[in-house]
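In what follows, a structure is listed as structure tokens, so that the remarks can point back to it.
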Amino acid sequence: YNNIQTKETKDKNLLTPCPQTPPALNGTMRLLVPAQETLEEVAQQLSWLRFLEGGHQTPLDCQARYKIAIIVPYRNRLANLCSFLLNMHPFLTKQQLDYTIFIIEQFDDGLFNRAMLMNVGFTEALKLHDFDCFFFHDVDLIPENDRNIYSCPDQPRHMSVAIDKFNYRLPYVDLFGGVISMSRTHFQLVNGFSNMFWGWGGEDDDMASRVKAHDLNITRYHPDVARYHMLTHAQQKANPKRYEKLYSGRKRFKTDGLNNLEYRVKALKQLPLFTYLLVDLTSRR
Ligand code: NGS
């Protein structure tokens with residue numbers, strides 16, 4: 001009976017590595033719509049993923065090549081979150097990844113700080129597992145092609161190249177927003193994102209400058225593959241100071257980022273569909 005293994009007894013280290021290109025990809029993704037916009041309903045629809053805990057999964061029959069963290073900055077967009085989870089779990093499962101979805105919610109009702117939430121996600125995720133790389137992911141973007149592989153990139157990778165809302169055209173060549181992926185080492189090298197962008201806009205451009213200032217290159221998959229559907233939501237108010245912060249950003253790369261990040265964790269929960277962090281960005285630790 002030695003060869004008989006169950007999910008519980010299987011030693012992951014004895015599994016053969018998953019193939020570089022996962023089998024059964026076909027270049028499409030059918031957009032799934034939640035029957036109701038509640039997390040309970042989404043969990044119900046995903047109940048076929050039996051081993052989900054804290055939004056973490058590993059492939060059942062091979063050894064994943066990477067440990068990835070999906071970091072999603074969030075506040076007050078439940079409908080988008082439901083669609084996101086309902087679509088992302090099957091997508092990432094199909095790609096045979098060892099992945100964990102983190103939802104980082106801003107607790108305070110001050111201006112939204114997307115970049116800072118991503119810095120928090122990075123820092124807190126590494127306290128739980130030693131992830132190889134990170135996908136910083138807007139909650140309103142759903143991949144449309146299963147060949148858009150969420151593998152760890154050698155160089156920072158801009159993922160959301162072709163979005164339906166922008167007629168599948170890249171708005172400008174240095175765009176580094178929406179969905180990006182970076183190795184743990186590169187994210188640490190550039191000191192993460194700036195913490196100074198309160199309100200919409202500019203924080204992703206500042207990250208693009210950080211990447212270039214450290215002699216890294218932004219890479220992309222082909223736009224036929226890197227296609228996304230954007231979910232609808234209310235628009236955010238743009239930050240009037242974003243250009244000012246952006247143009248003076250370079251002199252702060254070393255002092256503004258992971259190394260001066262201050263926040264307070266109000267809650268940390270391992271829910272079935274994701275690891276949840278509620279953080280106050282306005283109060284000191
Ligand atoms: C730029 C913003 C970026 C933003 C990009 C795309 O203008 O933060 O538009 O936005 N930069 C500044 O405001 C300095 S989008 O068209 O996706 O809404 O990501």
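Order of listing sets the numbers, starting from 1, for every ligand and every atom in it. Worth saying up front: this structure is predicted, and the values here are computed from it rather than measured. These values consider heavy atoms only, across backbone and side chains, with no hydrogens, waters or symmetry-generated copies.
Per-residue contacts place Phe166 under 4.0 angstrom from the following atoms of ligand 1 (heavy atoms of the residue considered): 15 (S), 16 (O), 17 (O).
When the options Asp206, Asp205, Asp140, Asp204 are ranked by their closest heavy atom to atom 8 (O) of ligand 1, first place goes to Asp204.
Here the protein heavy atom with the shortest distance to atom 18 (O) of ligand 1 is Trp200 CZ2, 3.5 Å. Closest to atom 13 (O) of ligand 1, if we only count protein heavy atoms, is Arg242 NE, 2.5 Å. What sits closest to atom 1 (C) of ligand 1 on the protein, heavy atoms only, is Tyr172 OH, 3.3 Å. Among protein heavy atoms, the minimum distance from atom 6 (C) of ligand 1 is reached at Leu175 CD1, 4.0 Å.
Aromatic pair Tyr66/Phe131: ring centres not closer than 6.0 Å.
No donor-acceptor contact under 3.5 angstrom links the side chains of Gln106 and Tyr263, judged on distance only. When only modelled atom types and interatomic distance are considered, Thr282 and Asp280 share a side-chain donor-acceptor pair under 3.5 Å. Between Ser194 and Asp256, the side chains place a donor N or O and an acceptor N or O closer than 3.5 Å (distance only, hydrogens not considered). The closest side-chain donor-acceptor pair between Tyr74 and Asp138, if any, does not fall under 3.5 angstrom.
Within the 4.0 Å heavy-atom cutoff, Gly201 counts among the residues contacting ligand 1.
The cationic atom of Lys266 (NZ for Lys, CZ for Arg) lies less than 6.0 Å from the six-membered ring centre of Phe107 and within 45° of the ring axis.
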